[in-house]
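Below is one structure, written out as structure tokens, with a few remarks after it.
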Amino acid sequence: MTSSAAARFAPHPLAPGPGDPAARLLAGWYATGRPATLADHLRHYGPPPLASATGGRTPLPLAEAMTAAGLTGRGGAGFPTARKLGAVAARRGRCVVVVNAMESEPASRKDQFLIAVAPHLVLDGAVLAAMAVGADTVHVCLPRDRAAQYRRLSTAVDERRRARLDQVRLRLHALPHSYVSSESTSLVRWLNGGPARPQGGPPRTHERGVGRRPTLVHNAETLAHLALIARYGPAWYRQVGTPDEPGTLLVTVSGAVRAPAVLEVALGTPLATVLDRAGGATQPLRAVLLGGFAGTWLPAEQLRTPLTRHDLAPLGAAPGAGVLVALPEASCGLTETARVLTYLAAHSARQCGPCRLGLPAVAEDFTALAAGRADADLLSRLRRRVGLLPDRGACRHPDGAARLAASALHAFADDVDHHLTHGACPAAHRPPRLPVPPATAPETWR
Amino acid sequence: MSRARTLRIDRIACTGQGLCAELLPELIDLDEWGYPVLKDRTVPDRLRAHARRAVAACPVLALHTDDDRT
């Protein structure tokens, strides 16, 4: 991301102040308005409670705390954090911790923002997790095209080294940046000297990962939450959110809102309220894209839905990578979707047949539909092809693309009819609203 | 405790030769590009020999059967 984009997502006057109960990861930032140095960080949050995490391989009080807190992964899959910790700690041999800060989702800025303003929270979480599972090394994976982020984190690591804060080694890595390179097995494969492409399994990463050791891969935001739960305890964490899905999450809000921003919101906050926190919609909305490019279109009527996995599941949606893009009434959801699918197809790792061949075919069909060039068989062919994507790759990339395509056909059903019978709608020729990067294949995987 | 056998395809190794669908049509279809579509992962007892043959015939060793404890 460019610095101008970083500025675009900076908090604004409408962001909550220090008194906001939902401000946790970003509380330090709201308090000072500047990225936290180690001194700022320690002043605000106190030293990391290493004592509770140490004790070799057996006790795992940290995992117990995560179970009690109900923390789930913030990378998109939403897997319980405690189960991952437990699975890695249960293996024999030295473990490795990998911080996934790749954030390949083009509509997401949360990890980048978090690392910019509170790098030590993320590093605290990684170190605490390393102590809990008995790891001696933490690998932090960053995208290669974000040099500023690398410098920022490098400074933070130096600060910690000078202060002799950590008992584990922290190593930064700059990886090639593509949509699938943020998949956890891509990181492991790259750290092992291979291409940053998904590995598939078995063995799973927690069994045999970096250097054939048991490997714990967590998203940057997850580890920052972990660092706070380790300090303040599960009961504190559960003070906000819902009983089943406690705590907060970072949401990147963009599109037709007055003040696009990375916001920290309590789980269970209605989607409409999240949009309000980003200054509210600039014009009547047709739909929102929730979760990211592998996410789901939700019609504007469903904006009262609370942001929890439980409430979104019946709609086929999930918080995903914490992305919320507002699509105004005067835009064509099919055209936007076609652009995203073309991008996703270009970013296939080209390893598995169904993704390498199926995804471009779906993108092509969708582009024809959006452009009003549909043939008589298009819709049935498109539905069949979309149905053949899930569960047939080494990673979940084709599944995510299929989810987006299916949700677009559902949410924009009226438009589908119109495009099939009358050709492209007038809005199809308007400038695009979603931030879709050029659909070019990654230059390198290494 | 009985053990069920399940089919697994190594999607990265698979090059869409299609032999598996020929030898095990009860469980495997092909998509329009010749890549396998599993109709059912679980191998019934009566198809065990066929499944074994399909696994052995895959030229890129992309088809596997796993033991799943049930």
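Naming: A, B, ... by sequence-line order, numbering from 1 per chain.
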How far does [atom1] of [X] sit from [atom2] of [Y], to the nearest 0.5 angstrom?
X	Y	atom1	atom2	result
A/Leu187	A/Gln199	CG	CD	11.5 Å
A/Arg383	A/Leu379	CZ	CG	4.5 Å
B/Leu63	B/Thr65	CG	OG1	7.5 Å
A/Leu378	A/Glu364	CG	CD	10.5 Å

Sorted by number, residues from residues 390-412 of chain A in contact with chain B (heavy atoms, under 4.5 Å): A/Asp391, A/Arg392, A/Gly393, A/Ala394
Output the residues of residues 350-363 of chain A for which the shortest heavy-atom distance to chain B is under 4.5 Å, in residue-number order; output 'none' if no such residue exists.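 So far as heavy atoms go, A/Gln351, A/Cys352, A/Gly353, A/Pro354, A/Arg356, A/Leu357, A/Gly358, A/Ala361 are the residues that approach chain B to under 4.5 Å.
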Considering only heavy atoms from C-beta outward, does the side chain of A/Val98 approach that of A/Leu216 to under 4.5 Å? no
4.5 Å side-chain heavy-atom contact, A/Thr337 and A/Trp297: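 Touching, per the 4.5 Å side-chain cut-off.
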Using the six-membered ring wherever Trp is involved, compare the ring planes of A/Tyr179 and A/Tyr343 and label them parallel, tilted or perpendicular (cut-offs 30° and 60°). perpendicular
Can you say whether A/Arg197 sits under 4.5 Å from chain B via the side chain, the backbone, both, or neither, judging by heavy atoms? neither
So which bits of residues 32-48 of chain B come within less than 4.5 Å of chain A, counting non-hydrogen atoms only? B/Glu32, B/Trp33, B/Tyr35, B/Pro36, B/Val37, B/Arg41
Under 4.5 Å, heavy atom to heavy atom, which residues of residues 5-30 of chain B contact chain A? B/Arg8, B/Arg11, B/Ile12
Do you know which of A/Arg373, A/Arg384, A/Arg385 makes salt bridge (charged side-chain N to carboxylate O under 4.0 Å, His left out) with A/Asp365? A/Arg385
Could you tell me whether the side chain of [X] and the main chain of [Y] form a donor-acceptor pair under 3.5 Å?
X	Y	answer
A/Ser348	A/Ala345	no
A/Thr342	A/Ala338	yes
A/Arg213	A/Arg92	no

Do you know the tightest heavy-atom contact between A/Glu105 and A/Ala321?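 The pair with the smallest heavy-atom distance is CG-CB, 4.4 Å.
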Of all heavy-atom pairs between A/Ala101 and A/Leu142, which one has the smallest distance, and what is that distance?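 Nearest pair, atom of A/Ala101 first, then A/Leu142: CB-CD2, 3.7 Å.
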Using the side chain to side chain donor-acceptor pair (under 3.5 Å) rule, take A/Ser181 and A/Trp445 through it: C-alpha gap first, then chi angles, then the decisive distance, then the call. CA-CA 8 Å; A/Ser181 66; A/Trp445 297 101; over 6 Å; no
